[in-house]
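One structure is given below, encoded as structure tokens.
Just so you know, residue 1 is the first one in the sequence shown, and it goes up from there. For the numbers below, each heavy atom of this structure counts, side chains included, while hydrogens, waters and symmetry mates do not. For ligands, and for the atoms within them, numbers begin at 1 and follow the listed sequence.
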Amino acid sequence: MSSVAIEFGFTPDQEAFRASVREFLKREVEPIAGRIDEEERFPLESVAKMREEGYFGVPIPEEYGGLGLGKIGYCLLLEEVGRVDASHSAILGAHTSLGAVPILYYGTEEQRRRWLVPAARGEKLLAFSLTEPGSGSDSGAVQTTAERSGDDFVLNGTKIYVTNGKEADTVLVLAGTDVKLGPSGGVTAFLLDQGLEGFRVGRCEKKMGLHGTSTAELVLDHVRVGPERVLGGVGKGFHVAMSALDVGRVSLGAGSIGAIEASLGASLEFAQRRTQFGLPISEYQAIQFKLADMAMRARALRYLVYQAAARQDRMGNDPAAWSRLDRAEKTRESATVKCLASEWACEAVDEAVQIHGGLGYIRGTAIERAYRDARILRIFEGTNEIQRVVVARDLLARGL
Ligand SMILES: Cc1cc2nc3c(=O)[nH]c(=O)nc-3n(C[C@H](O)[C@H](O)[C@H](O)COP(=O)(O)OP(=O)(O)OC[C@H]3O[C@@H](n4cnc5c(N)ncnc54)[C@H](O)[C@@H]3O)c2cc1C
């Protein structure tokens with residue numbers, strides 16, 4: 001196992017970025033988050049303002065249109081957004097870690113200029129499409145095909161549950177180029193623009209939470225594309241997808257810190273105000289222990305998340321330069337973060353509802369919305385069962 005940092009602090013610039021994000025969210029997102037949830041619509045107004053702030057390109061280097069704040073800056077952003085509204089986190093996450101970062105990692109210079117620069121500037125929205133009706137956790141079993149036709153590829157299939165799928169200008173789509181080879185070698189990543197002939201948005205799902213995001217079906221009916229849309233090389237799609245998910249899982253962990261701290265903040269405030277049996281409920285140990293658990297977990301997660309983000313920053317943006325050890329550590333670490341963070345976030349919002357009593361169950365409160373929104377954290381970007389498979393597999397292969 002490689003060495004771990006024993007001390008971690010943010011630079012003044014990182015703290016200043018966090019403060020400016022917090023102020024932005026208070027002004028632009030907090031006031032509309034409840035309404036967006038109620039109306040079940042994509043938050044066009046705040047997305048436009050996030051674009052002006054550069055939030056769609058936080059970890060992308062400045063030479064490609066981003067803010068150049070690395071994975072640490074990106075996690076700071078998502079931690080703060082996670083305090084306020086999970087739909088905004090999901091929109092940013094699908095675009096950035098699952099859409100833009102793989103283009104940064106695997107794109108040719110031409111692809112970066114064509115797709116990454118406008119995405120990092122927020123002029124174009126991205127999405128990531130791996131899941132299919134028959135292939136979820138078993139993501140290597142994609143049924144969507146990309147058959148060669150001269151220099152071109154012709155794609156056919158149906159993708160589901162694509163976050164940003166309805167609004168995205170470009171979707172990173174995984175398709176099978178050689179089914180016999182399976183995930184490693186048989187799957188290829190393509191950059192598909194909306195408007196390509198035969199490529200269309202199908203049904204959009206109604207959901208328990210994340211009402212500000214679209215979760216769309218994408219239909220590919222003989223979509224003909226040239227080789228310039230292949231990202232990372234033919235047969236390399238699974239690597240592209242997995243390294244995107246490594247980044248996404250850590251940023252999901254950052255958002256979970258935000259969700260836990262928001263639950264804790266609301267619960268602390270409520271518990272000291274709400275009196276029963278002649279005392280504020282915060283005087284009862286049963287309530288204090290819930291608050292303490294939330295606080296301990298948020299603190300522990302902060303180390304895990306930013307340790308993982310710092311590793312990814314240190315490794316840099318060229319996958320060819322990553323050592324085998326760094327790759328393995330990165331993957332185990334991101335699975336660990338994702339699994340623990342999402343479980344602790346779900347427990348925190350659940351306990352926050354409990355502390356709020358009946359009020360926590362009433363539609364329209366931030367706690368009730370957070371409770372519905374948090375549940376997906378244990379499912380998307382790989383279910384937690386799959387995160388445990390990843391950790392166990394690595395344990396068995398490499399030991400502790
Ligand atoms: C709101 C939302 C947004 C999403 N956004 C995106 C997106 O942007 N892009 C995208 O590609 N996908 C997206 N997804 C899909 C998501 O990643 C999948 O739903 C998830 O990976 C699980 O796949 P599945 O739904 O097919 O469940 P299944 O894989 O069918 O799993 C069902 C159950 O079986 C368990 N299971 C499966 N295999 C194993 C095993 N080997 N060992 C133990 N347990 C196992 C699972 O953990 C789960 O509990 C989204 C989903 C939702 C609901």
Side-chain angles (χ1 to χ4, degrees), residues 36-37 40 42 85-102 119 125-144 157-176 183 187-192 194 201-220 231 237-238 240-249 251-252 255 334-335 338-339 342-343 345-346 369 372-394 396:
I36 293 293
D37 174 62
E40 303 200 24
F42 188 80
D85 184 50
S87 285
H88 283 74
S89 309
I91 292 166
L92 284 165
H95 168 90
T96 314
S97 20
L98 303 185
V101 168
L125 189 69
L126 303 178
F128 169 87
S129 179
L130 176 60
T131 307
E132 301 183 357
S135 153
S137 300
D138 187 6
S139 53
V142 288
Q143 304 279 299
T144 295
T158 301
K159 294 286 185 178
I160 56 167
Y161 298 163
V162 183
T163 303
N164 294 345
K166 184 160 168 247
E167 301 81 13
D169 299 280
T170 304
V171 186
L172 195 166
V173 171
L174 281 303
V187 176
T188 300
F190 293 88
L191 293 166
L192 301 189
Q194 299 281 9
V201 177
R203 146 202 176 100
C204 287
E205 304 295 344
K206 294 281 257 180
K207 308 186 290 293
M208 177 193 295
L210 290 194
H211 287 171
T213 67
S214 63
T215 304
E217 176 187 57
L218 297 177
V219 180
L220 298 100
L231 182 69
F238 207 64
V240 173
M242 292 306 125
S243 56
L245 286 166
D246 279 352
V247 179
R249 287 167 184 171
S251 66
L252 183 151
S334 62
K338 195 274 178 182
C339 191
S342 58
E343 289 178 4
C346 284
R369 173 165 51 86
R372 283 182 286 109
D373 284 347
R375 187 61 182 82
I376 188 63
L377 295 171
R378 287 162 51 201
I379 298 170
F380 66 5
E381 304 216 17
T383 65
N384 283 10
E385 288 76 13
I386 294 304
Q387 307 310 316
R388 287 185 163 90
V389 168
V390 170
V391 172
R393 218 180 256 156
D394 189 52
L396 293 168

Check whether any side-chain heavy atom of [X] sits under 4.5 Å from a side-chain heavy atom of [Y], and report yes or no.
X	Y	answer
L174	F128	yes
K207	T213	yes
L218	V201	yes
N384	L377	no
I376	L210	yes

Verify the contact flag for [atom], where contact means a protein heavy atom under 4.0 Å away.
atom	answer
atom 47 (O) of ligand 1	yes
atom 15 (C) of ligand 1	yes
atom 34 (O) of ligand 1	no
atom 7 (C) of ligand 1	yes
atom 37 (C) of ligand 1	yes

I'd like to check whether [X] has a polar contact with ligand 1, where a contact means an N/O of the residue lying under 3.5 Å from an N/O of the ligand.
X	value
A94	no
K207	no
S137	yes
T215	no
Y161	yes
T383	yes

Taking 4.0 Å as the limit for heavy-atom contacts, which would you say applies to T163 with ligand 1: side chain only, backbone only, both, or neither?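 It is both parts that get close, each with some atom under 4.0 Å.
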L191/L126 under side-chain contact (heavy atoms from CB on, under 4.5 Å): CA gap, chis, key distance, verdict: CA-CA 10 Å; L191 293 166; L126 303 178; over 6 Å; no
What atoms of ligand 1 come within less than 4.0 Å of a heavy atom belonging to [X]?
X	answer
L130	10 (C), 11 (O)
E381	17 (O)
I379	20 (C), 21 (O)

Report the nearest protein non-hydrogen atom to [atom]: residue, atom name, distance rounded to 0.1 Å.
atom	result
atom 42 (N) of ligand 1	V389 CG2, 4.2 Å
atom 43 (C) of ligand 1	E385 CB, 3.9 Å
atom 53 (C) of ligand 1	I376 CD1, 3.3 Å
atom 24 (P) of ligand 1	G136 CA, 4.0 Å
atom 10 (C) of ligand 1	T131 OG1, 3.3 Å
atom 9 (N) of ligand 1	F128 O, 2.8 Å

Test item: side-chain donor near acceptor, T158 and E217, under 3.5 Å: no
Going by atom types alone, do T144 and E132 pair a side-chain donor with an acceptor below 3.5 Å? yes
Considering only heavy atoms, which of I386, L98, L218, V171 lies nearest to atom 41 (N) of ligand 1?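 Heavy atom nearest to atom 41 (N) of ligand 1 belongs to I386.
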Is the CZ atom of F42 crowded by more than 12 outside heavy atoms at less than 6.0 Å? yes
Return yes when atom CD of Q143 has more than 12 non-hydrogen atoms of other residues, nucleotides or ligands closer than 6.0 Å, and no otherwise. no
Non-hydrogen atoms of S342 and R378 that approach each other most closely: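 Heavy-atom minimum between the residues: OG-CG, 3.7 Å.
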In short, G99 meets L172 closest at the heavy-atom pair O-CD1, 4.3 Å
Please test L245 against K338 for side-chain contact (heavy atoms from CB on, under 4.5 Å), starting from the C-alpha separation and ending with a verdict. CA-CA 10 Å; L245 286 166; K338 195 274 178 182; over 6 Å; no
